[in-house]
Amino acid sequence: MAQRKDKKLVSVSYDLVEEITKAARRRGETITKFLEEALTQAVKVTSAGYDLKQLGQFFEVMYAQKILGGAFVPLDVLNFLTATSCKTDRENVANVWFESGKWHGKYLKERFYDPVKALEDFLEASRWDLNEIEVKRFGATARVRCVSTVLSDDATRLLAKFIEGIMQGFGYKLQKCELLKGMIVQEFLDE
């Protein structure tokens with residue numbers, strides 16, 4: 001069966017064409033090759049049930065994780081390490097999570113225009129063990145809610161300390177914290 005070689009013209013803004021031209025040059029490709037590859041990848045993303053905005057958010061988060069020294073660890077390994085370390089030194093382990101969160105918070109605050117929204121994207125992209133994530137801002141107050149069917153009690157407490165550290169890195173202070181195994185509800189006040 002012969003493949004069609006027909007082409008269609010698509011209207012694109014001049015400014016976008018200029019950006020595409022620059023990007024294609026940096027890669028040493030023609031504009032046509034660059035666009036065909038970009039559109040092919042866009043179709044793959046949408047076929048998988050995602051939209052291109054989510055792809056952009058995912059990339060930003062993964063880039064931030066790379067810069068911040070993040071690593072993907074199998075959940076069983078993370079749970080084992082958490083349980084083992086919390087048995088012997090719960091206070092220091094929680095402090096390490098908190099301090100790491102502060103560092104993440106400072107970075108996210110510097111990198112993103114809306115770091116509170118970036119936190120939600122960050123958790124959605126990097127914490128596959130969370131079933132629900134909600135980060136909302138109401139004036140000077142921010143509320144974080146996370147729900148997981150697989151988090152242990154210790155893992156829930158450590159994630160809450162990590163989030164508290166992130167929010168402190170943004171300049172927020174913890175006002176209220178409710179924890180149950182697999183559920184975190186925290187409220188913060190912008191200082």
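Quick caveat, the model's predicted, so the values are computed rather than measured. Position 1 is the first residue of the sequence, and the numbers go up from there. Just the heavy atoms: all of them, side chains too, but no hydrogens, waters or symmetry mates, feed the values below.
There is no path of hydrophobic side-chain contacts, each under 4.5 Å, that joins Leu52 to Leu39. In the hydrophobic clustering of ILVMFWY residues, with side-chain heavy atoms under 4.5 Å counting as a link, Phe188 and Phe98 come out apart. Under a hydrophobic-cluster definition in which Ile, Leu, Val, Met, Phe, Trp and Tyr are linked whenever side-chain heavy atoms come within less than 4.5 Å, directly or via other members, Phe58 and Tyr50 are assigned to different clusters. Cluster membership for Met62 and Leu130, using ILVMFWY side-chain heavy atoms within less than 4.5 angstrom, is shared.
Side-chain contact check for Ile163 versus Cys146: some heavy-atom pair is nearer than 4.5 Å. Looking at Lys181 and Leu151, their side chains never come closer than 4.5 Å, going by heavy atoms from C-beta outward. Two residues are said to be in side-chain contact when any heavy atoms from C-beta on lie closer than 4.5 Å; Val144 and Ile184 fail this criterion. Residues Glu99 and Lys102 have side chains in contact (heavy-atom distance under 4.5 Å, counting atoms from C-beta outward). At least one side-chain heavy atom of Lys176 sits under 4.5 Å from a side-chain heavy atom of Glu178. In this structure, Asp114 and Arg137 have side chains that are in contact, with non-hydrogen atoms separated by less than 4.5 Å. In this structure, Thr141 and Gln175 have side chains that are not in contact, with every pair of non-hydrogen atoms separated by 4.5 Å or more. The shortest side-chain heavy-atom distance between Lys117 and Phe112 does not fall under the 4.5 Å cut-off.
The CE atom of Met167 sits 9.5 Å away from the CG atom of Leu174 when rounded to the nearest 0.5 Å. With rounding to the nearest 0.5 Å, the separation of NZ in Lys44 from CG in Leu55 is 12.0 Å. Atom CG in Leu35 sits 4.5 Å away from atom CD1 in Ile20 (nearest 0.5 Å). One distance of note links CD of Gln41 with OG1 of Thr46; it measures 11.0 Å at 0.5 Å rounding. Rounded to the nearest 0.5 Å, atoms NZ (Lys33) and CD1 (Ile31) are 14.0 Å apart. To the nearest 0.5 angstrom, Ile67 atom CD1 is 5.0 Å from Tyr107 atom OH.
Between Asp51 and Val45, the shortest heavy-atom distance links the atoms O-CG1, 3.9 Å. Pairing each heavy atom of Cys86 with each of Leu158, the nearest pair is SG-CD1, 3.9 Å. A pairwise comparison of heavy atoms in Arg27 and Phe34 identifies CD-CE1, 3.9 Å as the closest pair. The shortest non-hydrogen separation linking Asn131 to Thr149 is OD1-N, 2.8 Å. Tyr172 approaches Ala142 most closely through the heavy-atom pair CE2-CB, 3.7 Å. In plain terms, the two heavy atoms of Arg145 and Val147 that are nearest each other are NH1-CG2, 3.4 Å.
For the pair Lys109 and Phe170, the cation-pi criterion (under 6.0 Å, within 45° of the ring axis) is not fulfilled.
When the shell of 6.0 Å around CZ of Arg25 is examined, it contains 12 or fewer heavy atoms from other residues, nucleotides or ligands. A 6.0 Å sphere centred on CD of Glu91 holds no more than 12 heavy atoms belonging to other residues, nucleotides or ligands.
No donor-acceptor contact under 3.5 angstrom links the side chains of Glu164 and Gln168, judged on distance only.
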Take Lys22 and Glu19, measure what salt bridge (charged side-chain N to carboxylate O under 4.0 Å, His left out) needs, and give me the verdict at the end. CA-CA 5 Å; Lys22 290 176 190 174; Glu19 292 299 315; 3.7 Å; yes

Take Trp97 and Arg157, measure what side chain to side chain contact (heavy atoms under 4.5 Å, CB included) needs, and give me the verdict at the end. CA-CA 10 Å; Trp97 279 83; Arg157 292 180 187 288; over 6 Å; no

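Salt bridge status for Lys87 with Asp154: absent, with no side-chain N to carboxylate O gap under 4.0 Å.
When atom types are taken as modelled, the side chain of Gln186 and the backbone of Ala160 share a donor-acceptor pair closer than 3.5 angstrom. Remark: the backbone N or O of Val17 is paired with a side-chain donor or acceptor of Thr21 at under 3.5 angstrom. One N or O on the side chain of Ser148 and one on the backbone of Asp129 form a donor-acceptor pair closer than 3.5 Å.
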